[in-house]
Amino acid sequence: NPNLQDQNGRTALMEANSKKHAKIAQILINAGASPAPPTNLTPKAPLLSKTAPVEKLQTSPLPSNTSDETRLSTNKAGSVQIGMSIEDVQKKYPALTISDKYMDGSKKTIATIYIKDYPIPSLLLELSNGKLKLVSTISIYDEKFSTDKQITIRSTVGEIRKQYTINDIKIINNSLFLSVKSMKMLFELDLSKETIPKEWLDTGNPSSIPDDTQIKRIIIY
């Protein structure tokens with residue numbers, strides 16, 4: 001079944017696109033994999049012990065200011081989903097622009113989305129190579145987009161630490177990113193070369209990043 005999903009709702013096609021394996025993606029599509037996002041994207045609940053108290057199984061309601069249009073979750077930013085075709089994205093955002101940019105010596109196709117009343121691009125979508133253009137990564141610059149735990153591009157490292165497990169710190173294009181693997185998200189730190197803590201340079205320990213360091217971009221992959 002080429003459309004089988006894992007516990008986070010991801011398909012083999014999504015994984016192939018996120019890792020930029022265009023040939024594998026085409027093989028999956030030829031085998032019947034759907035480029036459209038799956039309809040049942042809610043992560044599967046873990047198996048529960050028969051002795052688990054019922055009252056502990058209740059979940060908190062979503063914050064009232066986090067709408068479906070601006071919610072950040074695993075694989076998804078609002079209406080845009082990893083593995084989604086650019087044609088489907090354009091149905092939601094018909095005014096988006098597509099351009100080719102050279103990054104790290106290779107040409108990449110980027111779709112730019114402006115959302116009303118926001119002065120800079122709200123979303124940048126990196127698209128897969130080849131004729132079939134599918135979303136492989138989503139970069140968020142608009143503070144209206146938020147996780148259910150109220151993490152946005154204006155959040156601090158300390159706020160992220162309280163809500164998620166930070167796995168490590170990655171260096172991408174000379175910028176530092178916190179990696180939260182459970183959400184498949186990278187949080188770009190608002191740090192210059194001069195303000196990078198010496199302790200992190202010496203040890204690489206994520207805990208050495210100060211709690212008050214702000215986030216300036218979120219990447220979903």
Side-chain angles (χ1 to χ4, degrees), residues 4-21 24 37-38 41-47 59-60 62-63 66 70-78 80-84 103-104 108 123-126 128 135-143 145-193 195-221:
L4 192 65
Q5 301 170 46
D6 65 14
Q7 63 181 2
N8 292 317
R10 288 176 70 85
T11 64
L13 182 58
M14 288 180 184
E15 290 292 338
N17 286 322
S18 68
K19 294 176 172 60
K20 301 178 179 61
H21 294 317
I24 294 177
L41 294 175
T42 303
K44 297 176 182 178
L47 293 176
T59 56
S60 300
L62 295 175
T66 305
T70 56
R71 180 173 293 124
L72 300 179
S73 57
T74 308
N75 312 322
K76 195 173 182 183
V80 181
Q81 167 91 25
I82 297 294
M84 196 174 189
M103 301 170 64
D104 297 332
K108 297 183 179 181
L123 303 173
L124 289 183
L125 315 178
E126 185 176 331
S128 60
V135 177
S136 59
T137 65
I138 307 170
S139 292
I140 297 95
Y141 295 89
D142 190 335
E143 59 188 311
F145 285 84
S146 168
T147 70
D148 289 341
K149 295 183 179 180
Q150 299 301 290
I151 299 299
T152 74
I153 62 167
R154 299 302 179 198
S155 296
T156 64
V157 171
E159 291 170 332
I160 294 174
R161 284 186 174 127
K162 290 178 181 178
Q163 301 296 341
Y164 303 107
T165 297
I166 297 173
N167 299 101
D168 55 18
I169 297 179
K170 296 180 179 293
I171 301 177
I172 303 174
N173 297 333
N174 298 316
S175 294
L176 295 184
F177 290 81
L178 299 182
S179 172
V180 176
K181 293 182 179 179
S182 62
M183 296 291 288
K184 286 190 174 288
M185 291 183 186
L186 298 171
F187 298 87
E188 184 176 5
L189 303 177
D190 192 5
L191 290 174
S192 64
K193 291 182 179 179
T195 57
I196 295 175
K198 183 178 183 303
E199 182 183 348
W200 182 83
L201 293 173
D202 292 339
T203 67
N205 187 348
S207 63
S208 63
I209 302 297
D211 280 348
D212 60 355
T213 304
Q214 201 168 51
I215 302 304
K216 65 179 181 180
R217 175 170 54 140
I218 300 173
I219 296 179
I220 298 174
Y221 60 93

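Residues take their numbers from the sequence shown, with the count starting at 1.
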Do [X] and [Y] touch side chain to side chain, with heavy atoms closer than 4.5 Å?
X	Y	answer
I219	F177	yes
L201	I196	yes
V180	T165	no
K170	L176	no
I209	P197	yes
L178	L189	yes
K149	Y164	yes
M14	Q81	yes

Calculate, to the nearest 0.5 Å, the distance between atoms [atom1] and [atom2] belonging to [X] and [Y] respectively.
X	Y	atom1	atom2	result
T156	D190	OG1	CG	12.0 Å
I220	T147	CD1	OG1	10.0 Å
R217	I172	CZ	CD1	7.5 Å
N174	S192	CG	OG	12.5 Å
I82	T137	CD1	OG1	6.5 Å
I160	M183	CD1	CE	10.5 Å

Counting only heavy atoms not in K162, do more than 12 sit closer than 6.0 Å to its NZ atom? no
Which residues satisfy the salt bridge (Lys or Arg N to Asp or Glu O under 4.0 Å) test with D212, sequence neighbours excluded?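 With neighbours one apart ignored, the set is empty.
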When you measure from the side chain of N167 to the backbone N and O of K181, does any donor-acceptor pair fall under 3.5 Å? yes
Strictly distance-based, threshold 3.5 Å: is any side-chain N or O of T203 a donor or acceptor partner for the main-chain N or O of E199? yes
State which residue, out of I140, I151, I166, fulfils the side chain to side chain contact (heavy atoms under 4.5 Å, CB included) condition with F187. I151
Looking only at non-hydrogen atoms, find the nearest pair between [X] and [Y] and report the distance.
X	Y	answer
A77	I138	CB-CG2, 3.9 Å
T152	S146	CG2-CB, 3.6 Å
S182	T74	O-OG1, 3.8 Å

Is it true that Y221 and S136 share a donor-acceptor pair across their side chains at a distance under 3.5 Å? no
N173 and S175: side-chain donor and acceptor closer than 3.5 Å? no
Decide yes or no on side-chain contact (heavy atoms from CB on, under 4.5 Å) for W200 and N205, but give the supporting numbers first. CA-CA 6 Å; W200 182 83; N205 187 348; 5.6 Å; no
Output, in order, the C-alpha distance, side-chain angles, deciding distance and verdict of side-chain contact (heavy atoms from CB on, under 4.5 Å) for I218 and E188. CA-CA 6 Å; I218 300 173; E188 184 176 5; over 6 Å; no
Go through the steps to decide whether V80 and K76 satisfy the test side-chain contact (heavy atoms from CB on, under 4.5 Å), and finish with yes or no. CA-CA 6 Å; V80 181; K76 195 173 182 183; over 6 Å; no
